[in-house]
Amino acid sequence: MNSKVYIETFGCQMNVADTERAVTGLRKAGYEMTSASDEADVVLMNTCSVRERAERKVFRRVSELRKSPRHPVIGVMGCVAQLEGPSIFQRAAAVDLVIGTQATDRIPALLSRIRAGEKSVIDLGERQPGEIWDVSPAERRSPYVAFVPIIEGCNKFCSFCIVPYSRGREKSRSAVEIVAEVKRLRSLGYKEVQLIGQNVNSYRPKSDQGLESYAGATPFSRLLRAVAETGIERIKFTTSFPRDFHPDIVSALEECPNLCNWVHLPVQSGSDRILKSMRRGHTAADYLRRVETIKSSPRQLALTSDIIVGFPGEDEADFQDTMRLVRECEFDGLYIFKYSKRSGTPAANLDQAVSEAEKKSRFLALEELQISLQERIYENQVGRKLSVLVERQSARSSADMTGHSTCNKVVNFKGDTTQRGSIVDVLISEGKPNSLYGVAISG
Ligand code: SAM
């Protein structure tokens, strides 16, 4: 079979990991991959539905692809596929295939049905027993940093969020499998693994297997210790959910130097009234207690977060609560989102929508505050020595290399491509708003 497949990936790391997994299966089934959509016989779009804009982009792309002279088979996979299901065929007649979030491993079989002449093929079914989270190293986005999913889905049902509907309930992968994958990645030369999931710290596998020798207050902190023992150089994890953030995670970070000093803990709002309406299950004070544990660690942990502005009913006083919380937390980085109404979520039925103009002005005010705080935090890094995994040449200057520190900051320094994949110490000489610059003093 000589069919060439092109996959376009939107959204979060889970989608990147799903694409890697899909490509592994497609290659095994004899498909060739291409990086040019106009050369492809099959075009798959791995979609995101967290915000409306991402969803609209998919349908715009389908109408562009429809005009391609090669008339490829067009498939929609991921969150939009799971949520919209068969209605995608009505909305975009050019789509031949709809692949739900748990059907990634069955794509070759679905394509065979299309080759056999079947029209409008759809699979929104669950993962089947025996389907494994297997990703061939050749399909990974980077030869040095690997995403390792440890939990899929979400049980939290925050009122704004579509994820529980698009990705189903939480399902944790066995610790034995995760540890074996990390060991394999280490033997292949990977320097960093990122344990990923919507809420990694809600990790709850069906059995204790693989965790028996590891102490800890929660299965997640036991898993962190188990993964640390593999000896892989760097371990990061994202995203953590505040309600399930046990202080033992910080203890694990203090015990194991290869667990990186960075925590991503989305707060969403600083107002208790809004947090309640968001159904987050925590107050601002609960969140600040977690932050206190993180910030008081001798390990100097970096902290990043997500915030939604303009949630229905958010007034100026609520927004000022958010501004106050951001000032207090001094985040190393912050993703700010304007609330996007997702139909099917409880918040979609709330009155008191915030106007687009107000959302924009709150977004800009919060961004300005974060930039000013972040500038200080980044400048404070000057004179420090950070350990950096060198990933690639900088896009700005061919004389510079770029990578991430253990605290997940982008670090640029004068270097050359022979350093790719190595871990170097960089003495920081300059702090910019979103990156650091320095001189390599080792490696
Ligand atoms: N599960 C994680 C949590 O809630 O703690 C984050 C997952 S979500 C894919 C990533 C971020 O997108 C969220 O933290 C939230 O800030 C943002 N987000 C989710 N739904 C949104 C919506 N309806 N409108 C705007 N932003 C949204």
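Both counts, for ligands and for their atoms, begin at 1 and track the order of listing.
Annotation: atom 19 (C) of ligand 1 to nearest protein heavy atom, Val50 CG1, 3.4 Å. Here the protein heavy atom with the shortest distance to atom 11 (C) of ligand 1 is Asp306 OD2, 3.4 Å. Of the protein's non-hydrogen atoms, the one nearest atom 25 (C) of ligand 1 is Lys338 O, 3.4 Å. In terms of protein heavy-atom proximity, atom 27 (C) of ligand 1 is closest to Ile308 CD1, 3.6 Å.
How far CD of Glu192 is from CD1 of Ile235: 9.5 Å, rounded to the nearest 0.5 Å.
A cation-pi arrangement is present between Arg91 and Phe59, with the terminal nitrogen or guanidinium carbon under 6.0 Å from the aromatic centre and inside a 45° cone about the axis. Cation-pi geometry between Lys57 and Phe10 is not met: the NZ or CZ atom fails to fall both under 6.0 Å from the ring centre and inside 45° of the normal.
Around NZ of Lys171, the count of heavy atoms belonging to other residues, nucleotides or ligands within 6.0 Å exceeds 12.
When the options Arg342, Arg280, Lys341 are evaluated for a side-chain contact (heavy atoms from CB on, under 4.5 Å) with Phe160, the one that passes is Arg280. The only option from Ile423, Val411, Val426 that meets the side-chain contact (heavy atoms from CB on, under 4.5 Å) definition with Ser387 turns out to be Ile423.
The Arg342 neighbourhood of ligand 1 comprises atoms 23 (N), with distances under 4.0 Å to a heavy atom of that residue. Applying the 4.0 Å criterion to heavy atoms of Gln268 picks out, from ligand 1, the atoms 4 (O), 13 (C), 14 (O), 15 (C), 16 (O).
Aromatic rings of Phe220 and Phe237 (six-membered ring for Trp) have centroids within the 6.0 Å cut-off, being under it.
For atom 4 (O) of ligand 1, the candidate residues are Glu52, Gln198, Arg280, His264; the nearest heavy-atom contact is made by Arg280. Counting heavy atoms only, Phe337 comes closest to atom 26 (N) of ligand 1 of the residues Phe241, Phe337, Phe160, Phe311. The heavy atom nearest to atom 24 (N) of ligand 1, out of those in Pro266, Ser340, Ala348, Cys79, is found in Ser340.
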* Please assess Leu436 against Leu386 for the test side chain to side chain contact (heavy atoms under 4.5 Å, CB included), listing each intermediate value before the final yes or no. => CA-CA 10 Å; Leu436 298 167; Leu386 297 185; 3.6 Å; yes
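Neither the backbone nor the side chain of Thr345 comes within 4.0 Å of ligand 1, counting heavy atoms alone. Within the 4.0 Å heavy-atom criterion, the part of Arg51 lying near ligand 1 is the side chain and not the backbone.
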